[in-house]
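Letters A, B, ... are given to chains in the order of the sequence lines, protein chains preceding strands, and every chain is numbered from 1. Since the model is a prediction, treat every value here as computed from it, not as a measurement.
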Number of protein chains: 2
Amino acid sequence: MKGYLWTGGDPGSHKPVAPPEHGRLAPWEAIAVEAVGNVIEFWGFKRNQGRVWGLLYLRGEPLTAGEIERELDLSKGGVSMLLRDLEHWGVIQRVRVPQDTVWRYAAETDLVRMVTHVVEEREAAFVTRIRADLSEARRLAEATGGLPPERLRRLERMAVLAEHVERALRLFIKTSRLDVGGVLGAFRDGALARSKGER
Amino acid sequence: MKGYLWTGGDPGSHKPVAPPEHGRLAPWEAIAVEAVGNVIEFWGFKRNQGRVWGLLYLRGEPLTAGEIERELDLSKGGVSMLLRDLEHWGVIQRVRVPQDTVWRYAAETDLVRMVTHVVEEREAAFVTRIRADLSEARRLAEATGGLPPERLRRLERMAVLAEHVERALRLFIKTSRLDVGGVLGAFRDGALARSKGER
DNA sequence: GGTGCAGTTCACGCGGTCTTGAACTATATG
DNA sequence: CATATAGTTCAAGACCGCGTGAACTGCACC
């Protein structure tokens, strides 16, 4: 997460900002792919994870690692790792086309799963940890004698605060999943399912 | 935002992980301060911004830049910049104690404001931009002749997706502000108000 | 077995961010 | 005015994550 804040703003610019030279991507594809990359980076992932997913999603039919490599101008190794991550999160699928020997990758329709999933991960790995830390601090503080009671109260408030932020976060995850999930549900049918079976 | 994800996990560890040598911070303070630092970093800010805010909040009474510098073991320049940021976001307040010449800084109670505020910023600076990009892509795509209609449909879905994530985000901001804000409302009264006036 | 290609792993280097520390400004004090 | 202390700014450097590219594995086909 970078300088998205107020710092050094120049909000009016937004040039179409020609995306870096893409292999043979159509301009509109390039823009869209880049947009996904930005969103994804914004959410705390690697931008290239987003770009790969975006490409796969736009194309509909499964691509090989080599194709991705060419289209997005990435290195072999890089693509391999990115695909591993995405597959691990369940946002792409590795498919073997019948008479063919290479692996192909297809986008799962719910990018949302990616976001929610990892937001959940982060939460699990983190919020609980924070809680532990705060209660530890509280334990220590209580053990220490002669502290002004207001200071303890401040600590407690802090813990309460943390819990409420956590609650809000959970809520967010839940709503975003339902909301967006519902919309996608209406979509997931056509081209993707077909393209998987064809060829 | 870093490696909070699954990668290289070792979820069971969580050693109390002695926070870096603090000036004269009580251990429990150190832990709490560090916790806030982590949360804040997690949300995409600088960890030290969180630590400073945490310290000020815990102490209740306004501190000078020098004290912060010592307690958190930061550089003069760094503290200056951190304080500027925090003040700019309205999460701390610069106060001048009557017979004294130096500035002191006190934590505003709503850390939430920090989060929501910047989440809003990010949204403004970003989501709108993404939307613009996607519709631009769509324009280009439509201008291009002879595209399979499903590919266009995918692009449209993408835009819809973006919009729904956006909606969920907005909702999140709103709820989190109400939720946590309400809780804080119940608190903002005692010690802080008092400590501001005293001395 | 050998050749070639798909795929994985990993040490290194680039690029970006954060912090430092020194130079500088501002403001009070003798 | 000289001196000291609070506060700001900024270039230089530390630091860290990411992607690269080369070495390696695995597998198919000859």
Flag the pair [X] and [Y] as a salt bridge only when some basic side-chain nitrogen lies within less than 4.0 angstrom of an acidic carboxylate oxygen.
| X | Y | answer |
| --- | --- | --- |
| Arg138(A) | Glu142(A) | yes |
| Asp100(A) | Arg96(A) | no |
| Glu29(A) | Arg59(A) | yes |

- Item | Closest listed nucleotide, where the reference is the side chain of Ala65(B) and the choices are dG7(C), dG7(D), dG19(D) | dG7(D)
- Any idea which of dG7(C), dG21(C), dG21(D) is nearest the Ser75(A) side chain?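 Ranking dG7(C), dG21(C), dG21(D) by closest atom to the Ser75(A) side chain puts dG21(D) first.
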Could you state the atom-to-atom distance from [atom1] of [X] to [atom2] of [N] in whole Å?
| X | N | atom1 | atom2 | value |
| --- | --- | --- | --- | --- |
| Glu87(B) | dG7(D) | CD | P | 12 Å |
| Lys46(B) | dG16(C) | NZ | C1' | 13 Å |
| Glu69(A) | dC5(C) | CD | C1' | 12 Å |
| Asp73(A) | dG19(D) | CG | P | 13 Å |
| Asp100(A) | dC5(C) | CG | P | 15 Å |
| Arg70(A) | dC5(C) | CZ | P | 13 Å |
| Ile40(B) | dC18(C) | CD1 | P | 14 Å |
| Arg51(A) | dC18(D) | CZ | P | 15 Å |

- Message: If hydrophobic clusters are built by linking Ile, Leu, Val, Met, Phe, Trp and Tyr wherever their side-chain heavy atoms come under 4.5 Å apart, do Val91(B) and Met81(B) end up in the same one?
- Response: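 No; tracing contacts between hydrophobic side chains, which count when under 4.5 Å, never links both residues.
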Listed pairs, N/O of protein and of nucleotides 8-11 of chain C, under 3.5 Å:
residue, atom, partner, partner atom, Å
dT8(C), OP1, Arg94(A), NH2, 3.2
dT8(C), OP2, Ser80(A), OG, 2.8
dT9(C), OP2, Arg84(A), NE, 3.3

- Query: Leu25(A) versus Leu55(A): any side-chain heavy-atom pair under 4.5 Å?
  - Reply: yes
- Message: Quick one, Leu72(B) and Val52(B) - any side-chain contact, counting heavy atoms below 4.5 Å?
- Response: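 Yes, their side chains come closer than 4.5 Å.
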- Message: When you measure from the side-chain N and O atoms of Asn48(A) to the phosphate of dG19(D), is any distance below 4.0 Å, counting only OP1 and OP2?
- Response: yes
- Item | Gap separating the OG1 atom of Thr144(B) from the CZ atom of Arg139(B), nearest 0.5 angstrom | 9.5 Å
- Item | First encountered from the 5' end of DNA chain D, between Thr101(A) and Arg47(A) |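 Looking at the nearest nucleotide for each, Arg47(A) comes out on the 5' side.
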